[in-house]
Amino acid sequence: MSEPGSLLRSLSGQARPRNFHSHVIHALGSGVIAGRFAQGSTLPGDAELCDQFDVSRTVLREAIKTLEAKGLLESRPKVGTRVTRKNHWNLFDPQVLAWHLEAAPDRDFLKHLHDVRMALEPLAAAQAASFRTGEQLRLMHYWLRQMETSRGEPLNFCLADFELHLIIADASRNPFLRAAYGVIELSHAFAYLPVIATDAPQSLEAMIEPHRVLVTQIERGEAQGATSAMQAVILLDQITALHQVIDA
């Protein structure tokens with residue numbers, strides 16, 4: 001399973017699967033998301049896939065089981081392994097979400113991604129304003145300072161931003177909000193990818209003040225103010241991400 005932040009760290013260079021098992025999972029999983037294996041189609045037989053990936057049947061079957069658990073594939077006796085329809089995919093699985101970053105940008109997908117954030121994170125911010133601890137406030141200020149001191153380092157800036165959002169989710173005391181970290185991380189990846197790819201940190205300055213307002217509202221215990229501040233942050237990310245679709 002992907003660890004929080006691993007997708008963002010991979011933006012500075014293509015992350016390589018660590019072993020044959022993860023290589024097959026990545027190749028098939030990303031292929032399904034990108035449409036190289038069409039929804040409703042049947043994968044080639046085990047023998048062909050084993051030759052293609054140069055792996056044993058045991059490795060292949062374990063990889064397919066992993067992708068079945070993520071809702072991407074379905075194996076049936078005498079039928080083979082079928083690619084499922086999108087409504088069966090586990091879109092809260094961080095790895096399934098991460099594979100969308102490798103596919104062509106899609107306006108509808110990005111809109112739905114940010115709609116989910118807009119439904120969840122403002123609630124997290126409001127609850128954080130009520131339940132945050134002194135240690136959590138200290139960490140929020142720490143990651144905010146990391147953003148301020150990383151203006152010239154887009155990847156570090158992006159990671160600090162993401163960590164700040166994780167602390168806010170923790171402070172909400174709602175485990176379901178923290179469990180949605182994959183949605184938050186992918187949204188950050190789409191927003192920051194152009195900056196990291198071009199190493200053009202000039203646009204990062206505009207990200208700092210909205211986050212400073214967000215932390216201030218949480219620190220003051222202003223639930224409504226924290227809600228509005230989080231909505232403004234998400235909207236800024238959405239606008240930045242959608243520019244990729246327009247420019248693509």
Side-chain angles (χ1 to χ4, degrees), residues 1-16 30 92-103 105-106 109-111 113-114 116-118 120-122 124-125 128 136 138-171 177-215 218 229-248:
M1 182 182 221
S2 300
E3 292 297 321
S6 60
L7 171 61
L8 296 178
R9 291 185 182 90
S10 75
L11 296 180
S12 61
Q14 184 64 40
R16 294 181 178 275
S30 61
F92 280 95
D93 182 292
Q95 199 168 22
V96 174
L97 285 169
W99 286 326
H100 281 82
L101 191 64
E102 300 180 27
D106 179 273
F109 177 81
L110 290 175
K111 180 183 182 302
L113 180 71
H114 286 90
V116 172
R117 279 192 72 191
M118 196 64 84
L120 296 178
E121 283 204 277
Q136 286 166 337
R138 185 191 70 79
L139 288 170
M140 289 180 207
H141 281 288
Y142 171 81
W143 289 115
L144 182 59
R145 286 196 300 275
Q146 290 301 304
M147 291 175 67
E148 292 171 343
T149 58
S150 299
R151 290 178 174 91
E153 303 170 77
L155 180 58
N156 289 339
F157 187 101
C158 176
L159 286 166
D161 184 348
F162 176 57
E163 292 289 349
L164 174 57
H165 283 260
L166 289 187
I167 296 299
I168 292 171
D170 281 341
L177 296 175
R178 172 61 189 242
Y181 79 84
V183 172
I184 301 170
E185 184 170 10
L186 181 61
S187 176
H188 278 70
F190 274 118
Y192 283 104
L193 182 59
V195 183
I196 294 172
T198 59
D199 195 26
Q202 298 88 340
S203 60
L204 298 180
E205 188 69 35
M207 302 277 192
I208 296 175
E209 184 58 27
H211 286 85
R212 184 181 292 116
V213 172
L214 173 60
V215 172
I218 292 173
M230 181 64 85
Q231 289 170 338
V233 166
I234 295 170
L235 183 59
L236 184 60
D237 283 351
Q238 182 178 22
I239 291 171
T240 305
L242 285 174
H243 274 310
Q244 294 185 70
V245 180
I246 296 171
D247 296 339

Where is the tightest heavy-atom contact between [X] and [Y], given as atom of each residue plus distance?
| X | Y | answer |
| --- | --- | --- |
| S150 | L204 | O-CD1, 4.3 Å |
| P4 | R9 | O-NH1, 3.6 Å |
| N156 | E153 | ND2-OE1, 2.9 Å |
| M118 | L235 | CE-N, 4.3 Å |
| P210 | L236 | CG-CD2, 4.2 Å |
| L120 | A180 | CD1-CB, 3.9 Å |

Using a 4.5 Å cut-off on heavy atoms from C-beta on, say whether the side chain of [Y] contacts that of [X].
| X | Y | answer |
| --- | --- | --- |
| L110 | Q238 | no |
| I234 | P122 | yes |
| Y142 | I167 | no |
| F109 | F190 | yes |
| Y192 | P154 | no |

Residue pair I168, M140: steps toward the side chain to side chain contact (heavy atoms under 4.5 Å, CB included) verdict: CA-CA 8 Å; I168 292 171; M140 289 180 207; 4.2 Å; yes
Any donor-acceptor N/O pair, S10 side chain to L7 backbone, under 3.5 Å: yes
Under 3.5 Å donor-acceptor, E185 side chain and L8 backbone: yes
Residue list, side chain to side chain contact (heavy atoms under 4.5 Å, CB included) with I208, at least two apart or on another chain: E148, R151, F157, E205, R212
Residues that V183 engages under side chain to side chain contact (heavy atoms under 4.5 Å, CB included), provided they are two or more places apart: F92, L97, L113, V116, R117
Between [atom1] of [X] and [atom2] of [Y], what distance do you get to the nearest 0.5 Å?
| X | Y | atom1 | atom2 | result |
| --- | --- | --- | --- | --- |
| L186 | F162 | CG | CZ | 10.5 Å |
| K111 | D106 | NZ | CG | 12.0 Å |
| H100 | S30 | NE2 | OG | 11.5 Å |
| I218 | Q136 | CD1 | CD | 10.0 Å |

Partners passing ring-ring contact (aromatic ring centres under 6.0 Å, His included) against H165 (at least two apart in sequence or in another chain): H188, H211
Full working for side chain to side chain contact (heavy atoms under 4.5 Å, CB included) between W143 and L166: CA-CA 10 Å; W143 289 115; L166 289 187; over 6 Å; no
